[in-house]
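Data first, discussion second: the structure below is written as structure tokens.
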Amino acid sequence: MSHTKKENKWFKPMFEFGEDLLTESKTNNNDNPLLQSPVKNTINGNEKPFKIQNINHKSLMKNFDPKTIEDLAVHNKKVQEVDDWLKVVCVGNNNDMLLLTGPVGCGKTITIRLLAEKYNIKVTEWITPIDIDIPTEYGEFEYNGKQSTQFLSFVLKAANFTSLLDGNSEKLVLVEDLPNTFTRTPSEFTEVLQQYKLRGKSPIVFICSESHTDNKNSAINLFTPTLKEQFGIQHITFNGVSPTGLKAALKRVAGIISKKYADVYNIPKVDLIECVSNSSAGDIRSAVLNLHFACLKGSNYNLETSIIEKDQKLTKKRKTTSSKFTSLGKDQTVSILHGVGRVLNPKVILENGRKKLTHSPDEIIEQFTSQPTSFVNFIAENYLPHFSIVEHVDKAASLLSDADFLLAEWREKMCQEYGLYISTAGLMLANEAPVSAWNPVRGPKTMKIQYPSPYELHLEDNYFCKGKVLVTDYETYCKIIGDKKTNEINSVYTL
Amino acid sequence: MSLWVDKHRPRDLMKLDFHKDQAIRLKNLVQQSDFPHLLVYGPSGAGKKTRIMCLLRELYGSGVERLRQETMNFTTPSNKKIEIMTVSSNYHIEVNPTDVGIHDRVVIMDLVKNIAQTHQIDSSGQREFKVVILNEVDDLTKDAQHALRRTMEKYVATCRLILIANSISRVIPAIKSRCLTIRVPAPTESEIASVLHIVCKKEGLSLPSDLAIRIAKCADRNLRRALLMCEACKVQQYPFTADQKVSEPDWQLFIRDTASMILSEQSPKKLGDVRQKLYELIIHGVPPDMIFAGLLKELVLNCDMSMKSKIASYAAKYEHRMRLGNKPIFHLEAFVAKFMAIYKKSLEECIGDMF
């Protein structure tokens, strides 16, 4: 029986559909799939017994996966790029390598899978196993061998041997879940790649998600440019899914819902789709999840209506939908340029006779993900053209000075926040007579100090002076003296 | 090309031209077999380095003057590779840890450790310690200064540190107390003038005393600058005349230019232009504190007494901020903006009074 097997699993899925159904049927040993749930009834306020369809939890999200390449929300050109690579590579015993990077949920994996299906290529994926088993009763561990060796042998087997059941189709190895050991010792990874290059007989695809913080970015740390060159790894970067792509994909999901699963989901309305696609910031996976959650019948009826209400209120103001719809979506993030714009062109609205900023400084700071210093540098570089009166500039500049002072204290985390707050709030309020003109945003200057070298100043090897002293004392006079000397030398030669 | 500054640099403690009492004391210090860590401080161009080199010569003989330049590599804990230029002889090594910015701590710790762990090969008839000279100690980060404190204690048996700073106000007390502090004050104008006379005599030139005094005044009590000015004067016009032109450093002219820009118009747009000028100065390598001082000097010329005090106090405030903060441009700009606001207000009041 299937659920005895399930019992043996060492963890239980937390959100399992029809879990209660299973237990119910086990105890009652009843074939009747209908279940009368009093709880559901009260929520629905329905007299009719509510029928829960048993959605197999494994395919819960798979129901909405794109089935054809046309369904993909990824930009056509990107798909074409990957397609071209696959076409070339899947002929013969080719062991080319491809690296796919992009933000989370932009459709990297599904693109590869669909394209592989199209060309009838068998994809074998590596999933890092736990290298220590669950301890036995006596607390003994069994060590499963080195991760990198395991990885290598798996990858080679997957690349070189076909399953008997598969027929003789082409193969492709997919690695999305790189073993941790490689991040610690990248040299091991290089060795594995070397081995693969020698012995592997199928193309291999690495997929890396990009994150905001560089230090966790395996694509950058592991796949260095030299490595890419050494092994001829092609690199294709995906962008986040465009809003139109998102919307189209969500509409497709809505279509599937209305066709097949109308009894589980409410059919999503257009404005709900809009809301979800706005809040997901190019992440198709979370968008579909959100849509799924928002449409689910019965599970959270109140929440859903409240969203729609909110949304209806907001459609009048249109543009602000994205920032308010956070109850379902992820936290909204603002790009740095966007943030700079909001600080330097603060919009003030009158509310009950009192002035109020449309975006409060708190809000801007909260939605902000990059380093405070880089943001403050951006503001400082760009604030001047927005001011018309020198007194206001004085106020703003002095606040920026305060902010820099606070930001310099990196040991105290609060200081960073205060510094950022002072600069944002200060600049939003300091400018009482803004200039309304379009000003391009400039990046902050890099202040790399260029000291002249003693050689440039025609000094003999002079180890006494460096940097500052050369600039402040020597430079001017060396020029004067040096010019004269070279003139003299020249005149001697001409004589 | 060999400049007068380098050519006529005294090489012996007894041949120094000023602060002779101090020279005698330094000699006595060295004649005893051992000496403590030193912290030499004083304004730029007062002769700190000259005295240290004399001291080393006294210690090790003329071998210290055979210098070589090397690049050393270090790796920070975050696996960043950094390079730093060092100047060394067989007996000492000199380094400027601020060249590597915030990674100065690594340099100090690794460098001193390396030096201290290698003993002198031939210790008979030699001192049993090496000397590490660290420049610009006041610009070190607090982290590096604390690292220094530990290193100083740990390796005291095999190496001595000589720290050089412009002012000890930013050196942490822990370091001050571990060193013998030696202050090298800037030479007075008459001392500078006499040095100029001596140097000119050595070169076989005759220098009018009026010109010597003018150069000394111009040089801001900086002997190095005075000697360079003098040589530049010689190149421009010889025989000397008492009223010949003494050229100022470029960057001072540039700051004066910037100050007149500030005085000409007080508007955000002008401030934008001023900022570009300040950027240029900073990128060129002029230290921000000197920009501050130069600007203040030029700007207060056009103010009455009450304004002067106000502006000077603001300058002090922002300069202090700048020391504590990261980006000098912020504070320079804040000062300029403040000046503009005050100056504009006073101008408007003046015009108001006239009618």
Requested in this report: Please state whether the rings of B:H8 and B:W4 are parallel, tilted or perpendicular, taking 30° and 60° as the class boundaries.
Outcome: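 Perpendicular.
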
Report task. Please list, chain by chain and in numerical order, all residues satisfying side chain to side chain donor-acceptor pair (under 3.5 Å) with A:D402, sequence neighbours excluded. Result ->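 Expected list: B:R321.
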
Query - Partners passing side chain to side chain donor-acceptor pair (under 3.5 Å) against B:E65 (at least two apart in sequence or in another chain) - result: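 By the side chain to side chain donor-acceptor pair (under 3.5 Å) rule, B:E65 matches B:R57.
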
Requested in this report: Give a yes or no on whether the ring-centroid distance for B:F292 and B:F335 is below 6.0 angstrom.
Outcome: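 For B:F292 and B:F335, the ring centres are under 6.0 Å apart.
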
Is [X] close to chain A through its backbone or its side chain, or both, or neither, when contacts mean heavy atoms under 4.5 Å?
| X | value |
| --- | --- |
| B:N79 | neither |
| B:S247 | both |
| B:V5 | side chain |
| B:E265 | neither |
| B:F339 | neither |
| B:R323 | neither |
| B:M229 | both |

Heavy-atom pair count under 4.5 Å with chain A, highest-scoring of [options]:
| options | answer |
| --- | --- |
| B:E333, B:K327, B:Q266, B:Q252 | B:K327 |
| B:I282, B:L228, B:I342, B:L324 | B:L228 |
| B:P328, B:P287, B:P268 | B:P268 |

Query raised in the report: What is the minimum heavy-atom distance between B:H331 and A:F405, and which atoms define it?
Result: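 For B:H331 and A:F405, the tightest heavy-atom pair comes out as CE1-N, 4.4 Å.
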
Query raised in the report: Can you tell which of A:I389, A:L406, A:D394, A:V393 has the highest number of heavy-atom pairs within less than 4.5 Å of chain B?
Result: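 Highest number of pairs under 4.5 Å: A:D394.
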
Query raised in the report: Among A:N377, A:V376, A:T373, A:L407, who wins on heavy-atom pairs under 4.5 Å with chain B?
Result: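 Sorted descending by pairs with chain B, the first entry is A:N377.
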
Query - NZ or CZ of B:K338 within 45° of B:Y318 ring axis and under 6.0 Å - result: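 No, cation not above the ring by the 6.0 Å, 45° rule.
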
Query - Beyond-backbone contact of A:P372 with A:E417, side-chain heavy atoms, under 4.5 angstrom - result: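 When only atoms from C-beta onward are counted, A:E417 and A:P372 do not touch, as no gap falls below 4.5 Å.
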
Requested in this report: Consider only side-chain N and O atoms of B:T98 and B:E136, and report whether a donor and an acceptor are under 3.5 Å apart.
Outcome: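 Result is yes, a qualifying pair exists.
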
